[in-house]
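Working notes, structure below.
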Amino acid sequence: MHLTGKEKRWGMVIDLELCIGCQSCAVACKRENQVPLGVFRTWVKSVEKGSFPSVSRHHLPINCNHCERPVCVSVCPVRATYAREDGVVVVDPHRCIGCQYCKAACPYGVRHLDPVRRIIAKCTFCHHRIDAGLLPACVEACPSGARVFGDLRDPLSRVSRLIAGRPAQVLLPEHATRPQVFYLGLEEEAVGQRGREIGRDGVSGWRSDR
Amino acid sequence: MEVGPLNSILLYNVAHRESFGTLIALYIFFTGLSAGSFFLSTLSYGFGVRRFRPLSKPALFTAAAMLLAAPLFLLVHVGQPLRSWHLFVFLNPKSPITWGSFLLTTYPLFCLLYLGCIYTGRERAAKVSGLMGIPFAVCVHAYTGFILCFCAARPLWSSSMVPLLFLISAVVSGTAFMILVYAGWCRLRGQSLEASSENGRLLLSLARILGWVLLVDLVLTAVEILVASVSDRESRLAVAQLLFGELALSFLGVEILLGKILPLVVLFWPRRRRTGMVLVAAALIVVGILFMRLDLVRVGELLPLL
């Protein structure tokens, strides 16, 4: 990471050993941001691994990674999506034309077309809340404290101490997007398409639009 | 099902609707037809191949008509079509869509200029404007390839083969479409299409070009699929979808068999070069390229990324 300067740099740490897959974050986000029916700004993917009696269940909360090198920003033809000084990647709702190029280019698939406003929407780290000194809704709602939010430029913040003190991963590091959402205890089976391949036989994956 | 620690099943995930669907595939198809017919129209005025002279006007009309139709698909696709003017005011030089906004406005101007020169009979000006239009025709189609290419995480899109494949398939579909248009144009004017007539000979020489370009297209497609099938996990899964999965009928059945192999057999069949068969082959090729656009656009977003 290349974090210099005095501005805050917001980041999130998700401790997957604490996540219980309850989807409280998804619900809190829906309520806070009035996310329409059928689309999600954050959700928890769940996979089951192993065969009886050696089985385990793994959860992966997914939302915008607020990349330091965001692909969505570089492909947006009208510069509607941009990174704020504090690293939060946002969409200007008055400028976006809804061409959905950013949504196709995002390696994490965390953007969607708002079916009501007909523009791109995504996780904003609840910038209206953090600007007022509050925590993002998902962080505040998480009952097990798996989601931690804070300033990555402050070495004493909880996010900084967690990343420095434990093995931390980001999603799909091969795309070199430098995500600002870090995971502790990431299970490989929960990332990628392996689950979907097997899930096709009837165990449900959920497509929001069909 | 696999037994053991590596057995994993998906319990829950969210996959949002695809970003580029049928509308974008149709957009690419129509710009391809436009670019392809533009190349054909320049053969006579630009490069001095005189036997293609009767083709120039219908080809140029087709090029202009297809290019006027193509952006309509974009207007239906975007969420806020009334904000399209943003594309010309808030520019992002890193985005292929920004390149496209200007290509899609300058290229029709070249078409009009070229058409005007042909109709006023100014040979030299027609040659210059035709040749100058070629790079625009190339760019207007190749940029659609770059749009897909810049989605680095999408299997089969993020390949340097895509813009090249798009150019070749533009020439393929444009030539095949022009064969159909020219046959219709002759029929309307009550002219003969017999293989021995002048029109018939023109169609057959177009068919000869078409056969070779189609062969190149088939080889490039095979290379693309072959390399992807030994590439990363996402690419392999995408190739599996094309060959054995959801898209197998559309890819292997329509795009490859009906759209490429069958027409190749017809076009290269020795000593039976009849214009009727050429028209059938051309129609199959146009349908095949349409399915190529649909398959490629669909396969990139078929599998969830996370």
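Chain letters run A, B, ... following the sequence lines, proteins first and then strands; every chain starts at 1. Not measured: the values here are computed from a predicted model.
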For the residue pair [X] and [Y], what are the closest heavy atoms and their distance?
X: A:Glu189; Y: B:Ser8; result: OE1-OG, 2.9 Å
X: A:Val47; Y: B:Leu10; result: CG1-CD1, 4.1 Å
X: A:Arg79; Y: B:Leu91; result: NE-O, 2.5 Å
X: A:Cys106; Y: B:Leu305; result: O-CD1, 3.3 Å
X: B:Arg233; Y: A:Val191; result: NH2-O, 3.7 Å

Review point. Which word best sums up how the rings of A:Trp43 and B:His16 line up, parallel for under 30°, tilted for 30 to 60°, or perpendicular for over 60°?
Key: perpendicular
Counting heavy-atom pairs under 4.5 Å with chain A, the top scorer among B:Ile147, B:Thr98, B:Leu87 is B:Ile147
With chain A, the option among B:Pro93, B:Pro96, B:Ala152, B:Gly300 that has the most non-hydrogen atom pairs under 4.5 Å is B:Pro96
Interface moiety of [X] toward chain A, non-hydrogen atoms closer than 4.5 Å:
X: B:Phe20; answer: side chain
X: B:Leu74; answer: neither
X: B:Trp157; answer: side chain

Any side-chain heavy atom of [X] sitting closer than 4.5 Å to one from [Y]?
X: B:Ser84; Y: A:Ile97; answer: no
X: B:Leu306; Y: A:Leu172; answer: yes
X: B:Cys151; Y: A:Tyr101; answer: yes

Taking atom [atom1] of [X] and atom [atom2] of [Y], what is their separation to the nearest 0.5 Å?
X: B:Glu301; Y: A:Lys103; atom1: CD; atom2: NZ; answer: 5.5 Å
X: B:Ile97; Y: A:Cys99; atom1: CD1; atom2: SG; answer: 4.0 Å
X: B:Arg17; Y: A:Leu113; atom1: CZ; atom2: CG; answer: 9.0 Å
X: B:Tyr12; Y: A:Leu60; atom1: OH; atom2: CG; answer: 13.0 Å

Are more than 12 heavy atoms from other residues, nucleotides or ligands located less than 6.0 Å from atom [atom1] of [X]?
X: B:Arg298; atom1: CZ; answer: no
X: A:Glu85; atom1: CD; answer: no
X: B:Arg236; atom1: CZ; answer: yes

Side chain, backbone, both or neither of [X] within contact of chain B (heavy atoms, under 4.5 Å):
X: A:Ile120; answer: neither
X: A:Val78; answer: both
X: A:Ile62; answer: side chain
X: A:Val44; answer: backbone
X: A:Gln23; answer: side chain
X: A:Ser74; answer: both

[options]: which one forms the most heavy-atom pairs within less than 4.5 Å of chain B?
options: A:Ala26, A:Cys96, A:Gly109; answer: A:Cys96
options: A:Arg118, A:Lys49, A:Arg95; answer: A:Arg95
options: A:Ser46, A:Gly21, A:Ala105; answer: A:Ser46
options: A:Arg111, A:Glu48, A:Arg57; answer: A:Glu48

Between B:Lys94 and A:Val73 (side chain of the first, backbone of the second, donor and acceptor by atom type, cut-off under 3.5 Å), is there such a pair?
no
- Message: What I want to check is whether the side chains of B:Ser19 and A:Gln100 have a donor and an acceptor closer together than 3.5 Å.
- Response: no
query = Step by step, would you call B:Val14 with A:Lys45 a side chain to side chain contact (heavy atoms under 4.5 Å, CB included)?
reply = CA-CA 7 Å; B:Val14 167; A:Lys45 180 183 178 182; over 6 Å; no
